[in-house]
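Note sheet for the following structure.
In each ligand, atom 1 is the first atom listed, and ligand 1 is the first ligand listed.
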Amino acid sequence: MTTITVPLGERAYDIVVEAGALRHFVELCADLPLPVEVAVLSNQSVGPLLADALCEQLQASGRRVLSFNAPDGEVHKSLEWVGRAYDALAEWGLTRGGVIVAVGGGVVGDWAGCVAATWMRGVRLVQVPTTLLAMVDSSVGGKTGINHPRAKNLVGAFYQPSRVVIDPLCLQTLPPRELRAGLAEVIKYGVIADADFFVWLEEHIEAALRLDAETLERIIARCCQIKADVVGEDEREDDAIGRRAILNYGHTVGHAIEATAGYGEFLHGEAIAVGMTVAARLAIVAGVMESGAGRDLLARQTRLFERAGLPTQMPADHDFDRLWQAMTLDKKARGNKVNFVLPLRLGEVRRAENITMDEVRLAIAE
Ligand code: NAD
Ligand code: GLY
């Protein structure tokens, strides 16, 4: 078992990573302590696989348990399903002393987190992430939210959980494409913050793909430690601190691909892999990295993505003007220039403001 603390003063919390953690979830939360009232929020796919057993364990420990499952899918990370969760909590009677346990991928975590942040002005939240992406990224750091018809993640709150319980064995039922998409975020951590971890991933990527428990536990723990450090320095992605923004490596182009490609064509992690590839080329084009070192980083990053089964090429039919428009609409853009996070060397990135359309066009055309 590995325990990582997110250092946020009186809102500090532990992330527990252990193969088999869910089998003794109640024990792992004993020190919180877990209250008598527990509302378990999940979705209709993950509920029967994982959340139902957790509910039984909680009931066996003498707790009163509500189980509420939303339908599966990003489209249900919505105000409508926040409202439906409120209805269920109101009918069942979750008081301020209760806790919400979110069991699922990033969609469930963001939605249930948003419910927890607002129900009775905030009840305690425990995150139980069940996708690799949620384990290494979305369950840690307190970003919660829902989508608005005009844009993703437009409504929400920073709301830190009281605990994150991660059981890598949950990944055994995850569709392989979702596992690979999560690996894009894992590789991202190596490039942005830890060159040794990147090298270690080059040696262990196949073990991760075959779900080797020890490899996964080590990967998840390292990524959570990096994210915990970053969030501890810059909880709210403050421009003046500029630390949390490094997590957005690959996101400028990645988000634009997600926004312009057909629904479901790219998973988030797949779009980020392409976005990281463009960002590494851009670092060379914009002169942030010397060409030889830049080419070496780009080649190693691309090779690792390929071995992880991730895309690195822009969609063949992409429309640059639409992509550029999506990039300038992003909340991080300023006028006709766009912000990027660009690599300086393996393990270090920096924000680059004022990247021009021509530079992006060149990097994409490479
Ligand atoms: P997801 O939550 O949609 O899960 C992917 C699919 O896997 C779903 O069909 C889900 O039901 C299924 N699933 C989950 N766990 C499973 C398991 N153990 N076995 C079998 N199936 C399982 O997708 P995701 O990639 O986990 O999350 C994407 C979401 O996360 C997006 O909404 C994104 O905006 C959000 N996100 C949030 C943050 C943050 O900091 N809050 C960071 C990154 C992404
Ligand atoms: N996923 C980016 C962040 O948590 O800041």
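Between Leu323 and Val360 there is no side-chain heavy-atom pair separated by less than 4.5 Å.
When the options Leu133, Asn147, Leu174 are ranked by their closest heavy atom to atom 44 (C) of ligand 1, first place goes to Leu133. Residue Glu74 holds the heavy atom nearest to atom 31 (C) of ligand 1 of all those in His268, Gln44, His251, Glu74. In this comparison of Leu169, Leu179, Asp137, Val108, the heavy atom closest to atom 43 (C) of ligand 1 sits on Asp137. Taking all heavy atoms of Asp167, Leu267, Thr173, Val46 into account, the minimum distance to atom 12 (C) of ligand 1 is reached by Val46. For atom 27 (O) of ligand 1, the nearest non-hydrogen atom from the set Gly106, Gly104, Gly105, Ser42 comes from Gly106. In the candidate list Gly109, Ser138, Ala70, Ser138 is nearest to atom 42 (C) of ligand 1, counting heavy atoms.
A heavy-atom separation below 4.0 Å is not found between Thr144 and ligand 1.
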In sequence, state the C-alpha distance, the side-chain angles, and the governing distance for Arg351 and Asp239, and then conclude on salt bridge (charged side-chain N to carboxylate O under 4.0 Å, His left out).
-> CA-CA 10 Å; Arg351 281 186 304 166; Asp239 266 348; 3.4 Å; yes
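Atom numbering of ligand 2 starts at 1 in the shown order; those under 4.0 Å from a heavy atom of Leu247 are 3 (C), 5 (O). Within the listing of ligand 2, atoms 3 (C), 4 (O), 5 (O) sit less than 4.0 angstrom from a heavy atom of Arg244. Atoms of ligand 2 found under 4.0 Å from any heavy atom of Lys227 (numbered from 1 in listed order, with element): 1 (N), 3 (C), 4 (O).
Of the heavy atoms in Asp110, only side-chain atoms (C-beta onward) come closer than 4.0 Å to ligand 1. Neither the backbone nor the side chain of Leu171 has a heavy atom within less than 4.0 Å of ligand 1. Residue Val231 does not touch ligand 2, judged by heavy-atom distances below 4.0 Å. Counting heavy atoms closer than 4.0 Å to ligand 1, residue Thr130 contributes atoms from both its backbone and its side chain.
For the atom pair OG1 (Thr215) and CD (Glu206), the distance works out to 11.0 Å, reported to the nearest 0.5 Å. Separating the CD1 atom in Ile205 from the CD atom in Glu306 is a distance of 12.5 Å, to the nearest 0.5 Å. Within the model, atoms CZ of Phe305 and CZ of Arg180 stand 14.0 Å from one another, a figure rounded to the nearest 0.5 Å.
Regarding atom 1 (N) of ligand 2, its nearest protein heavy-atom neighbour is Asp137 OD1, 3.1 Å.
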